[in-house]
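Order of the sequence lines fixes the chain letters, A, B, ..., with proteins taken first and strands second; residue numbering starts at 1 for each chain.
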There are 2 protein chains.
Amino acid sequence: MSVATKVRPSGASARQSADARRQQVLRAAVAEFAAYGLHGTSTERIAKRVKISQPYIFRLFPSKKDLFLAAIDQCFDRVENAFRAAAENPEKLDHGTECGHFGNGPVDVRLHAMGHAYAGLLAERELLLFQMQAYAACSDDEVRGRVRQRWQALVNLVTELSGASRESVTMYFARGMLMNVVASMGMVPDKGGRAWAHEALGFA
Amino acid sequence: MSVATKVRPSGASARQSADARRQQVLRAAVAEFAAYGLHGTSTERIAKRVKISQPYIFRLFPSKKDLFLAAIDQCFDRVENAFRAAAENPEKLDHGTECGHFGNGPVDVRLHAMGHAYAGLLAERELLLFQMQAYAACSDDEVRGRVRQRWQALVNLVTELSGASRESVTMYFARGMLMNVVASMGMVPDKGGRAWAHEALGFA
DNA sequence: CATGTAAGTGATTAAACACTAACTTCCCCG
DNA sequence: CGGGGAAGTTAGTGTTTAATCACTTACATG
């Protein structure tokens with residue numbers, strides 16, 4: 001088409017393996033679904049983001065819902081990884097000041113570390129937003145099944161990693177869900193995650 | 001409905017004032033939106049629920065999104081009312097046992113009372129589910145504006161009604177949001193709201 | 001009864017969307 | 001070189017859906 005040699009016609013990216021494409025599509029899907037939800041997102045938007053044709057999505061994933069389910073898995077995977085990472089080296093955050101959220105036992109310290117890990121996820125806002133969309137789409141049986149399963153696995157993971165009491169873990173997750181909601185509303189806590197509740201609650 | 005006078009030709013309900021209809025549509029909308037979200041709900045479903053024709057929806061509300069916005073207001077109104085009611089007579093719940101969530105000061109007692117009020121909202125699951133859908137639809141500017149506004153008003157209300165510290169109020173809302181999420185996943189806490197976290201966290 | 005107004009519907013439309021089918025282009029391997 | 005398979009596209013289908021419009025039915029009031 002163009003005059004010159006073999007130059008990629010325009011911004012179009014080179015050929016890639018189907019698996020690589022699938023990963024790209026998956027990340028794009030998380031981003032789009034995070035903003036507009038299962039029903040509010042069109043496969044065309046996702047395709048545009050990856051710069052492939054819309055029908056090609058359906059060669060990579062059998063259906064839109066399957067893509068959504070895969071996105072759920074990817075999202076929870078990423079969160080779990082963040083937690084595992086935080087649990088492995090919790091020492092790197094003993095920043096003199098107290099958050100006041102937890103006690104001082106070694107257990108609570110670990111939970112505290114993971115709390116900061118979750119706060120760190122705020123940097124990838126789409127992860128929190130997508131979670132909300134996943135919960136919101138739970139009137140669909142398949143979605144609900146997957147979400148439940150991953151949620152329970154996540155709770156178990158945090159419980160085991162932290163060794164914290166059920167009570168503590170509950171409040172830990174409660175705070176996390178509050179963060180999700182606040183993130184959805186676009187009231188993002190400040191970077192440290194320290195005084196985030198401050199603004200979140202409207203006393204900014 | 002009986003044989004006698006003025007039997008409506010078929011199951012169709014009688015004529016009503018536009019305002020009355022608007023209220024019916026609004027309640028139906030909350031129910032449907034709660035399950036399927038802004039984009040997942042068709043105006044036809046809502047119309048069917050009220051047993052009116054689909055186009056009539058658009059005589060009562062200018063657009064689907066306006067209906068959604070009105071539903072947001074109705075939902076938050078209902079929650080606020082529940083809170084106000086709980087704050088007015090907090091004595092009616094001193095059930096010997098402790099929840100362990102709060103201290104024993106008169107302030108915390110009031111917050112505690114409102115906590116049970118929120119737990120009571122579990123009975124109307126659609127209210128919690130709709131809230132989630134509202135948060136999830138926040139990538140829309142108008143929706144986000146409305147949700148933020150009502151959220152802040154709610155936080156202020158709870159703060160004033162309870163007189164509790166910012167910290168307490170934060171954790172109060174955190175628990176509430178966790179309840180929303182758990183409700184979305186269909187893991188409903190037991191009636192008393194006592195040991196609800198139990199099952200919520202997968203130790204059922 | 002005449003008449004004006006509010007309640008409500010059926011038919012329709014234009015766009016968006018998930019998904020299919022058939023075709024082309026590129027690259028690797030013998 | 002050539003052929004086969006994988007990557008990717010263009011064109012198209014059937015359906016759903018928000019919104020419009022022209023129309024009818026019920027009711028109140030003078």
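- By the 30° and 60° cut-offs, the orientation of the rings of F130(A) relative to F68(A) is tilted.
- Within the nucleic acid shown, S53(B) comes within 4.0 Å of at least one base atom, counting heavy atoms only.
- Atom CG of D19(A) is separated from atom P of dG8(D) by 12 Å (rounded to the nearest Å).
- Contacts between residues 25-41 of chain B and DNA chain C, counted as heavy-atom distances below 4.0 Å, involve no residue at all.
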Practice item. Apply salt bridge (Lys or Arg N to Asp or Glu O under 4.0 Å) to the pair E44(B) and K48(B), showing each step before the final yes or no. Key: CA-CA 6 Å; E44(B) 193 167 356; K48(B) 277 226 172 72; 3.6 Å; yes

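- Legend: salt bridge (charged side-chain N to carboxylate O under 4.0 Å, His left out) pairs involving residues 25-34 of chain A, not counting sequence neighbours, sorted by first then second residue: E32(A)-R45(A), E32(A)-R49(A).
- K51(B) places its NZ atom 18 Å from the C1' atom of dA7(C), with the value rounded to the nearest Å.
- By the side chain to side chain donor-acceptor pair (under 3.5 Å) test, S165(B) pairs with S168(B), sequence neighbours left out.
- Of all nucleotides listed (dA7(C), dT9(D), dC17(C)), dC17(C) comes nearest to the side chain of E44(A).
- Taking T41(A) as the reference, nothing meets the side chain to side chain donor-acceptor pair (under 3.5 Å) condition, with sequence neighbours excluded.
- The OH-C1' distance, from Y56(A) to dG8(D), rounds to 6 Å in whole Å.
- Among dA18(D), dG8(C), dC17(C), the nucleotide with an atom closest to any side-chain atom of Q16(B) is dG8(C).
- For F61(A) and dA18(C), the CZ to P distance is 15 Å, given to the nearest whole Å.
- Of the listed nucleotides (dC17(C), dG8(C), dT9(D)), dT9(D) has the atom at the smallest distance from the side chain of I52(A).
- Under the rule for a salt bridge (charged side-chain N to carboxylate O under 4.0 Å, His left out), the partners of R144(A) that lie at least two apart in sequence or sit in another chain are D141(A).
- The salt bridge (charged side-chain N to carboxylate O under 4.0 Å, His left out) check on R84(B) picks up E80(B), with sequence neighbours excluded.
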Would you mind writing out the side-chain donor-acceptor pairs for residues 56-63 of chain A within the sub-3.5 Å range, not counting sequence neighbours?
unit_1 : atom_1 : unit_2 : atom_2 : d
S63(A) : OG     : K65(A) : N      : 3.4
S63(A) : OG     : D66(A) : N      : 3.2
S63(A) : OG     : D66(A) : OD2    : 2.7

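- One atom, CG of L60(B), and another, C1' of dA7(C), lie 9 Å apart when rounded to the nearest Å.
- Rounded to whole Å, the distance from CZ on R15(B) to P on dG8(C) is 6 Å.
- Contact of R21(B) with dA7(C) (side chain to base): no donor-acceptor pair of N or O atoms is detected under 3.5 Å.
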Once base and sugar-phosphate atoms are separated, protein heavy atoms under 4.0 Å mark nucleotides 19-24 of chain C, 5' to 3', with B, S and - as BB-B--

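- Under the side chain to side chain donor-acceptor pair (under 3.5 Å) criterion, Q74(A) pairs with no residue at all, not counting sequence neighbours.
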